[in-house]
Amino acid sequence: MPKEKTTTRKSAKSADKSAGGKKKKDPNMPKRGLSAYMFFANDQRDKVREENPGIKFGEVGKVLGERWKALNEKQKAPYDAKAAADKKRYEEEKAAYTAGGDEDEDEE
DNA sequence: ACCCTGATTGTTGTT
DNA sequence: AACAACAATCAGGGT
């Protein structure tokens with residue numbers, strides 16, 4: 001993404017819990033697509049465990065994260081592609097969700 | 001109009 | 001069944 005936000009972006013990570021923002025959960029809230037990391041873990045989890053026999057979740061998670069960042073955009077490509085594919089799936093659900101939820105569906 | 005925050009996804013291993 | 005760090009991602013509300 002050849003575009004960087006000039007704004008201070010302030011690492012939008014949940015650091016400040018003093019936000020007090022309640023988001024209303026909709027009954028038709030579609031579960032978002034998986035993140036590239038999810039796919040990455042899906043593929044690496046097996047490898048990491050093989051290279052680290054007897055490794056626990058904590059270790060795997062950490063090493064996984066480091067490996068993930070160590071990847072180049074090229075390596076992330078396939079994972080990101082999957083994430084994008086899943087996102088597309090989510091788009092459909094989201095569309096139906098925003099459409100109005102219940103229309104005329106009798107199948108369940 | 002722009003920013004931020006919370007919620008969600010999946011992994012494994014244990015309790 | 002739920003939780004634990006790890007990273008990404010999005011949609012909506014708030015200012």
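Residue numbers begin at 1 in each chain, while the letters A, B, ... track the order of the sequences. We use all heavy atoms of the structure for the numbers below, so side chains are in, but hydrogens, waters and symmetry mates are not.
Proximity note for Lys62(A) (side chain, C-beta onward) versus dT8(B), dA5(C), dT11(B): the nearest is dA5(C). Of the candidates dA7(C), dA5(C), dT9(C), the closest approach to any side-chain atom of Phe57(A) belongs to dA5(C). In the set dT11(B), dC10(C), dA11(C), the nucleotide with an atom closest to the side chain of Lys94(A) is dA11(C).
At dA7(C), one or more side-chain N or O atoms of Lys69(A) fall inside 4.0 Å of OP1 or OP2 (strictly under the cut-off). Close to dC6(C), at under 4.0 Å from its OP1 or OP2, lies no side-chain N or O of Trp68(A).
Below the 3.5 angstrom threshold, one finds a donor paired with an acceptor across the side chain of Arg32(A) and the base of dA7(B).
A donor-acceptor pair is defined here as one N or O able to donate and one able to accept, closer than 3.5 Å; no such pair exists between the side chain of Asp86(A) and the backbone of Lys82(A). No donor-acceptor distance shorter than 3.5 angstrom exists from the side chain of Asp80(A) to the backbone of Lys76(A), with no hydrogens or angles considered.
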Practice task
Take Arg32(A) and Lys87(A) through the side-chain contact (heavy atoms from CB on, under 4.5 Å) test and state the conclusion after the steps.
Solution key: CA-CA 7 Å; Arg32(A) 281 178 340 194; Lys87(A) 174 184 164 273; over 6 Å; no

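Comparing Tyr90(A) and Leu64(A), the nucleotide of DNA chain C nearest to each residue sits closer to the 5' end for Leu64(A). Positionally, the nearest nucleotide of DNA chain C for Gly61(A) lies more toward the 5' end than for the other of Glu91(A) and Gly61(A).
Between Leu34(A) atom CG and dA7(B) atom P there is a gap of 19 Å when expressed in whole angstrom units. Atom OH in Tyr79(A) sits about 15 Å away from atom P in dT11(B), given to the nearest Å. Atom CG in Asn42(A) sits roughly 14 Å away from atom C1' in dC6(C) (whole-Å rounding). Put simply, CG on Asp43(A) is 17 Å from C1' on dT9(B), counting in whole angstrom units. Whole-Å rounding puts the Arg67(A) CZ to dG10(B) P distance at 23 Å. Residue Arg89(A) contributes atom CZ, which lies 19 Å from atom P of dT9(C) at whole-angstrom precision. Regarding Phe39(A), its CZ atom lies at a distance of 18 Å from the P atom of dA7(C), rounded to whole Å. Atom C1' of nucleotide dT12(B) and atom CG of Asn52(A) are separated by 13 Å, given to the nearest angstrom.
Taking NZ of Lys94(A) as the reference point, atom NZ of Lys88(A) lies at 12.5 Å (rounded to 0.5 Å).
By the rule that hydrophobic residues join a cluster once side-chain heavy atoms approach within less than 4.5 Å of another member, Tyr90(A) and Phe39(A) end up as members of separate clusters.
Here Lys56(A) lies out of heavy-atom contact (under 4.0 Å) with every strand.
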